[in-house]
Amino acid sequence: MANKGPSYGLSREVQSKIDKKYEPDLEERLTDWIIAQCGDKVGRPEPGKVGWQNWLKDGCVLCELINSLSGANKPIKKIQSSGMAFKQMEQISQFLNAAEKYGITKTDVFQTVDLWEGKDLAAVQKTLMALGSLAVTRDDGNYRGDPNWFHKKAIENKRAFSEDQLNEGKSVIGLQMGTNKGASQAGMTGYGRPRQILNNP
């Protein structure tokens, strides 16, 4: 894994396209949010894509983040820094599982190798953006930072109609089918008859 050489041909082209999706401005905003959310104990990464990856790579910062959003009921009990690859990847997996339980959809969740091997850091940004949006939308008092950093998600607004209201709706002509209001034949002549044009002297 760590000894993977450079890619060539189509693989290189695909990797280049993936790399172009990464947004340095978004990296800065997400870094500011993570530090505001978790506190200064998480430190600050070196600027740039590689510095950001190395900051998140061991999974400790991500685990601290999801714990800080969960209030008293922390999903990850043990967070420890380790230089061992499988321990780091295990912590990233714990974060991803906790993020899904928090409410992030499966399609918004990155794969462990996207972060650990740096294959798709744009996917990592997408996951953190989805997490931030969800935290702002929940508004449960656990979110810290500027609420304008993320978009609020749409909230389901279920409506309950009574039987009378449903029956009343059946007698209404929907606007998709046109309308019968204002349609009138007043003033029209019968079909086939010539129009009467009268000259008043």
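Since the model is a prediction, treat every value here as computed from it, not as a measurement. Residue numbers run from 1 in the order of the sequence given.
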Between [atom1] on residue [X] and [atom2] on residue [Y], distance to nearest 0.5 Å:
| X | Y | atom1 | atom2 | value |
| --- | --- | --- | --- | --- |
| Lys57 | Glu117 | NZ | CD | 9.0 Å |
| Ile66 | Gln37 | CD1 | CD | 9.5 Å |
| Cys60 | Gln80 | SG | CD | 8.0 Å |
| Gln125 | Arg29 | CD | CZ | 9.5 Å |
| Leu56 | Phe95 | CG | CZ | 8.5 Å |
| Thr127 | Met129 | OG1 | CE | 11.5 Å |

Would a 4.5 Å heavy-atom cut-off, applied to side chains only, mark [X] and [Y] as touching?
| X | Y | answer |
| --- | --- | --- |
| Leu69 | Asp140 | no |
| Val109 | Glu100 | yes |
| Lys126 | Phe110 | no |
| Leu121 | Asp114 | no |
| Glu64 | Lys41 | yes |
| Ile79 | Asn67 | yes |
| Trp52 | Val124 | yes |

I'd like to know whether [atom1] of [X] has more than 12 heavy-atom contacts from other residues, nucleotides or ligands below 6.0 angstrom.
| X | atom1 | value |
| --- | --- | --- |
| Glu168 | CD | no |
| Lys77 | NZ | yes |
| Asn167 | CG | yes |

Under a 4.0 Å threshold between the charged nitrogen and the carboxylate oxygen, would Asp32 count as salt-bridged to Arg44?
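Salt bridge: yes.
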
NZ/NE/NH1/NH2 to OD/OE distance under 4.0 Å, Glu27 and Lys49:
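Salt bridge absent between Glu27 and Lys49.
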
Search all heavy atoms of [X] against all heavy atoms of [Y] and return the closest pair with its distance.
| X | Y | value |
| --- | --- | --- |
| Thr112 | Ser93 | OG1-OG, 3.3 Å |
| Ile76 | Cys63 | CD1-SG, 3.5 Å |
| Arg144 | Ser68 | NH2-CB, 3.8 Å |
| Ser81 | Asp58 | OG-OD2, 3.5 Å |

Criterion side chain to side chain contact (heavy atoms under 4.5 Å, CB included) against Leu128, the qualifying member of Asp108, Ile34, Thr31, Leu26
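Among the candidates, only Ile34 passes.
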
Run the side-chain contact (heavy atoms from CB on, under 4.5 Å) test on Val42 and Trp55 for me, step by step, so that the C-alpha distance in whole Å, both residues' side-chain angles and the decisive distance to 0.1 Å come before the verdict.
CA-CA 9 Å; Val42 293; Trp55 185 51; 4.0 Å; yes

Taking the inter-plane angle between the rings of Tyr143 and Trp33 on a 0 to 90° scale, is it parallel (under 30°), tilted (30 to 60°) or perpendicular (over 60°)?
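The arrangement is parallel - the two ring planes meet at less than 30°.
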
Whether the side chain of [X] engages the backbone of [Y] through a donor-acceptor N/O pair (distance < 3.5 Å, no angle test) should be reported.
| X | Y | answer |
| --- | --- | --- |
| Gln53 | Trp116 | yes |
| Gln165 | Ser162 | yes |
| Ser70 | Pro75 | no |

Please determine whether residues Val113 and Leu96 belong to a single hydrophobic cluster, defined as Ile, Leu, Val, Met, Phe, Trp and Tyr linked transitively by side-chain heavy-atom distances below 4.5 Å.
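Hydrophobic grouping puts Val113 with Leu96.
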
